[in-house]
Amino acid sequence: MWLICGAVSLFFTVLTLILTFRGKNGGDWASICALSFTAVTLLLEYKMAMEWVCREDWTALSDVLPTMFTTLAGYVILQILLNAIALGIRRKKRSAG
């Protein structure tokens, strides 16, 4: 399920950038959706790790968590940067025109 939410957040991020560069409305909502699905993805990842702890599946935790943290940190930083760039471009266009 977290893969689906991650893919949806990436879709909304791309949609945000497309709407921003074309100067269309709706970029703000797409950005909000992208960041919301990013948060849901993180919560689902945390839930998965929590279930492993409840089942005492320590090998799964030790195999996945170190890599998962690095991957998710990069994912979140990328999402925030791309949405911040789109927001900055939209503000610049609004103030110029």
Side-chain angles (χ1 to χ4, degrees):
M1 189 69 178
W2 65 269
L3 285 172
I4 294 170
C5 286
V8 170
S9 71
L10 289 174
F11 167 77
F12 277 116
T13 300
V14 170
L15 182 64
T16 299
L17 293 170
I18 290 171
L19 291 174
T20 299
F21 286 118
R22 289 189 179 173
K24 306 238 180 186
N25 291 332
D28 294 335
W29 286 105
S31 182
I32 290 169
C33 289
L35 293 174
S36 297
F37 274 100
T38 300
V40 171
T41 302
L42 292 175
L43 289 173
L44 288 171
E45 282 281 345
Y46 185 83
K47 180 181 179 255
M48 181 179 67
M50 184 181 66
E51 288 172 355
W52 288 340
V53 169
C54 290
R55 285 185 284 170
E56 298 181 2
D57 191 357
W58 309 122
T59 55
L61 282 170
S62 65
D63 287 344
V64 174
L65 281 184
T67 307
M68 187 172 79
F69 175 78
T70 306
T71 305
L72 288 176
Y75 165 72
V76 169
I77 290 168
L78 180 69
Q79 289 283 34
I80 291 171
L81 285 176
L82 289 175
N83 283 291
I85 289 168
L87 178 65
I89 292 170
R90 279 195 304 273
R91 284 190 178 205
K92 187 177 180 181
K93 284 184 179 181
R94 286 180 186 158
S95 66

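We count residues from 1, following the sequence as given.
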Residue pairs, two or more places apart or on separate chains, that pass salt bridge (Lys or Arg N to Asp or Glu O under 4.0 Å) and touch residues 10-19: none
In a table with atom names and distances, give each donor-acceptor pair under 3.5 Å that connects a side chain of residues 18-27 to protein atoms at least two apart or in another chain.
from  : atom 1 : to    : atom 2 : distance (Å)
Thr20 : OG1    : Thr16 : O      : 2.7
Thr20 : OG1    : Arg90 : NH1    : 2.9

Could I get the full list of side chain to side chain contact (heavy atoms under 4.5 Å, CB included) partners for Arg91, not counting sequence neighbours? Leu87
Tell me the salt bridge (Lys or Arg N to Asp or Glu O under 4.0 Å) pairs involving residues 75-86, sequence neighbours left out? none
Please determine whether residues Met48 and Val53 belong to a single hydrophobic cluster, defined as Ile, Leu, Val, Met, Phe, Trp and Tyr linked transitively by side-chain heavy-atom distances below 4.5 Å. yes
Taking side chain to side chain contact (heavy atoms under 4.5 Å, CB included) as the test, write out the residues that go with Leu44, two or more places apart. Met1, Trp2, Cys5, Val40
Hey, quick one: are Ile85 and Leu15 part of the same hydrophobic cluster, counting side-chain heavy atoms closer than 4.5 Å, chains of contacts allowed? no
Roughly how far, to the nearest 0.5 Å, is the CD1 atom of Ile4 from the CZ atom of Phe37? 10.5 Å
Looking at residues at least two apart in the chain, or sitting in another chain, which of them share a side chain to side chain contact (heavy atoms under 4.5 Å, CB included) with Ala34? Phe12, Thr13, Asn83
Fellow cluster residues of Ile32, listed by chain then number, with links counted only when side-chain atoms sit under 4.5 Å apart: Trp29
Quick one: side chain to side chain donor-acceptor pair (under 3.5 Å) partners of Thr59, sequence neighbours excluded? Asp57
Strictly by salt bridge (Lys or Arg N to Asp or Glu O under 4.0 Å), give each pair with a member in residues 32-50 just once, sequence neighbours left out. Lys47-Glu51
Spatial distance of atom CE (Met50) from atom CG (Leu61) [nearest 0.5 Å]: 12.0 Å
Side-chain donor-acceptor distances from residues 64-78 under 3.5 Å, at least two apart:
from  : atom 1 : to    : atom 2 : distance (Å)
Thr70 : OG1    : Pro66 : O      : 3.3
Thr71 : OG1    : Thr67 : O      : 2.9
Tyr75 : OH     : Ser9  : OG     : 2.3

Which residues satisfy the side chain to side chain contact (heavy atoms under 4.5 Å, CB included) test with Tyr46, sequence neighbours excluded? none
Between Ala86 and Leu17, the two heavy atoms sitting closest are CB-CD2, 3.9 Å
Would a hydrophobic clustering, with Ile, Leu, Val, Met, Phe, Trp and Tyr connected at side-chain separations under 4.5 Å, put Leu3 with Trp52? yes
